[in-house]
Amino acid sequence: MATEEENGTFIESFCLKTRNPDRMVRQRALKDFEANYLATVSSSECARIFDETYLDILRCYSDRFESVRILAVTTIDTLLEKLPANEYYLGYIVPVLAKRIGRAEIVEESEELRLQLLEQLARLVEKYSDCDGQRGDPLLKVFDDIVDIMIKTLRDPFPAAQKKSCEIVLAMAGATPSLHYRAEALVAPTKTVLGHRHAANRIVAVEALGELSLHILTNGDRVSEIIMAISPLLMDDVPFVRRACGRAGCLMLLKLRDRYSFFHRILPLVLNCLTDDTAEVRNDIEQRWQEAGELYYKENETELAKVALIEKLPVGYPVDRYTRPTLACRAIVQRSLRVVNLVLHEMEEWKEDIRLHATKLLKQIVLHSERAFSTQFLEVNPVLAKTCMDSEKTIVTEALNVCELMGILLDYETWSKHVLAEFRKFPSIGQLRCMRTLYTHSVQCEEKRNDIKKFAALLLDPDVCHNLKETYQQELLEFCSVLASDGQKRELSAALEEISVSEQETVENQSLERTLYTVILKVVAFCYEEKELIREKGLEVLRLLDNDIDKLHAHHLASVLGSIEHLESVNSDASTNILLLCGIVSVCGFQESYFDTLRVTLAKALTNASPEGKVKLFSAISVAMLTWEEKNKQSKEVQVALLKPFVDELIAPSLVWSAGRSAESIRAMATACFASMAQGVTAEVYMPLLSGYLNVLAGLIDDNNIATRAYTLKALVRLDQGLDLELLKLIAFPILSRLDDPSSEVRELAAICLGRLKLSKACTGSGDGTEPVDSASQRWEDILKQILPVMFLHLENPEIKLRKAISASLQRLYLDNRELMTSLAKLSNVTEDNFVGSMQ
């Protein structure tokens, strides 16, 4: 072991070497002093060694060479490990650190060395900590220097230095009771770290700000500033950053001075984490939130204990989806409903993530507030309705969850009258969604049962049910489904209780059914051409009213038709009234119960509509005629009596030729109605009707419009009965001329129609010798002699479909005119075998 004289000689030599101009000499001296000498001395000797060497070692902190500075810092670190916790040493080291890293300009250029100096400062703070208040706060004398260093290094461009600075701030919170003197000065520089790209830096900055808030004694605005700075990080992509925000909020709830005044600002930090996507975050914050609730319960036990004795779980509480918060946690939120104003403001922000988190926060506030939230409903409803029609589906889903909770937790009377009044003023899809969800999930009560008709009447307003947007129609049907189900429950309840339903109540039930039927039918009618899913949904909801939809039409459709307004105006095909009427005709078809009302309504519309509107109406009529046979099972005479005035009044006037493109389009669609009747009406009903219009249809066979010609021939395809000779002459040659039509469809239809031509038996004679057989029959054969050669000629047409159609028609004609066709085939150089083969 070295003697005291040898130690003194070594120390003196070491000090001289640290002053040597040669870098290598200084470097070797520091390295040898730390590695060889300090390792051998005892802790008691270190105090003397420090006194003799600190000036020379600390001078090396500002050496021009980085390697020397690094060795000087590590040497002091080694000394500090063996030195006693005497505040005497702080007065020498900390000021040097302040000169190196605490000045406004960057003195220490090495990032790694700045970090090393901060680590040394962190060790000093830990070594001289007065966490239990028994040591007289040794850091107080250098407190200002430390804070000045932090103010500078918290803005250090080196990320690791920023992080270490935040950690030192956290350490100081527990190491010195004097932090409150300059805690406010550290807030601004610490906030700058919140935006760092490294998640670890953001986390420690949030933790540091949370601790600083506890040491700000008088400036409430600064505490609010801290909370506002942390809040945006609730939407951070890293779950642990969000957890740090929640932890900071829970820390404030537990330890912040005058925390009751800040509850409404702190709560978003906590409640947002309760709905976090990461289970680890939710579970951690939920446990801390309950601890805050327990503290609040202890502080307000007298009041809350009384409430605990009488409170019950609300009826219909969604226990499968939500865990009811503790009484104390609910009490904290209920006394802090001022937070709702902040939430509503953020729900109208332009950024989607802010709106989403604000809506989730509102859900937590409703969940905790329960009935106490009634006081906020009038303010919340307009914003919530706007959120319910957000472009982002996840936001809409969360908004509807809020509405669901309010429906369950709030009294029906709290919201029903206001919602009814607001929807009358602003019938938007958001209000509709909000109202539907509230109504659906509200607890059954007498007032709700009595208001079913009021809600149904709201939906009947033309401003509501005449909306053509698909999402709006979907919402209408959803609400109608709910109202229809509630209406059925009301009737069933009365039946089970064996209450005799009075005549007035029966009328009310029928009125509700008619109202809902009208709304649903209008929605279905508006989407009859497209939106098949909505149409199917509408029919499904109609079946809730009555499984027999045709029965519903019979009872209520006449009333709906009578409510269609402005049909005396010049309505175009885009007019709401025309679209509605066309949809009703297409969906409901024709039934005897409302046929006359429908005919009168259509007549009014066709009389006044624009050409485009008339085309659309005729199109709807043609669609409805396809289902005539399904919906009408009356006798032939009754059906003819229904159809004859309908055709005479509505369709026939438009078959007459008139010039112009609009007239041409109308004429085509009017002819399409006959083509539809040919398919949808039975032959025994159709033929008596058709014979009365053959003279008009004959002229339309040669119409300029291809569609008109095609529809006319389709109307004649059903000629299953024989005709008088004059009628046959009227249509035979025009049909024959269509074999050379430019349209392949028309040519094929013409070929088919030729096979349907047949002379009535009444015109062929009885065959008993009393009537001349060769009168009408002979003349018909003369006509056939002109028709058949042309048909034989087209048997060699290259069109396969046309050849098949002609062959089929020849086969039909062959059955009634065997001899004539055989002789004509020979004249046309067609052998009988080939002729019969062509027909097969």
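These values consider heavy atoms only, across backbone and side chains, with no hydrogens, waters or symmetry-generated copies. Just so you know, residue 1 is the first one in the sequence shown, and it goes up from there.
Ionic pairing of Arg436 and Glu475 is present here: one or more N-O contacts between side-chain nitrogen and carboxylate oxygen are shorter than 4.0 angstrom. Using a 4.0 Å cut-off between a side-chain N of Lys or Arg and a carboxylate O of Asp or Glu, Arg535 and Glu540 do not qualify as a salt bridge.
Ring centers of Tyr517 and His553: under 6.0 Å apart, within the cut-off. Taking the six-membered ring for Trp and the full ring otherwise, His466 and Phe526 have centroids separated by under 6.0 Å. Ring centroids of Phe455 and Tyr439 are separated by less than 6.0 Å, placing the two rings close together.
Scored by the side chain to side chain contact (heavy atoms under 4.5 Å, CB included) test, Val396 finds Asp390, Leu400, Arg433 as partners (sequence neighbours excluded). Applying the salt bridge (charged side-chain N to carboxylate O under 4.0 Å, His left out) rule to Asp461 yields no partners; only residues at least two apart in sequence or on another chain are considered.
Under 3.5 Å, the side chains of Ser442 and Lys448 contain a donor-acceptor pair of N or O atoms. Defined by atom type and a distance below 3.5 Å, a donor-acceptor pair is present between the side-chain atoms of Glu513 and His556. Side chain to side chain, Tyr412 and Asp451 meet the donor-acceptor criterion of an N or O pair below 3.5 Å. For the 3.5 Å distance criterion, the side chains of Lys453 and Ser511 qualify, holding a donor opposite an acceptor. Between the side chains of Asp550 and Gln591, at least one donor-acceptor pair of N or O atoms lies under 3.5 Å.
Residues Ile651 and Phe618 have side chains in contact (heavy-atom distance under 4.5 Å, counting atoms from C-beta outward). By the 4.5 Å heavy-atom criterion applied to side chains, Lys469 and Ile429 are not counted as neighbours. A heavy-atom distance below 4.5 Å is not found between the side chains of Val585 and Val623. Counting only heavy atoms from C-beta outward, the side chains of Val519 and Cys480 approach each other to under 4.5 Å.
In this structure, Ser485 OG and Ile452 CD1 are separated by 10.0 Å, a value rounded to the nearest 0.5 Å. The line from SG of Cys527 to CD of Glu536 is 9.5 Å long, rounded to the nearest 0.5 Å. Considering CE of Met677 and CG of Leu626, their distance stands at 11.0 Å, rounded to 0.5 Å.
Around the CD atom of Glu348, the shell of radius 6.0 Å holds more than 12 heavy atoms that belong to other residues, nucleotides or ligands.
Partner Thr387 forms a side-chain contact (heavy atoms from CB on, under 4.5 Å) with one of Leu344, Val402, Thr359 and no other, that one being Thr359. Here the rule is side chain to side chain donor-acceptor pair (under 3.5 Å) with Glu398, and of Arg355, Lys393, Lys360, Lys363 only Lys363 fits it.
Ring geometry for Phe595 versus Phe646: interplanar angle of 30 to 60°, hence tilted.
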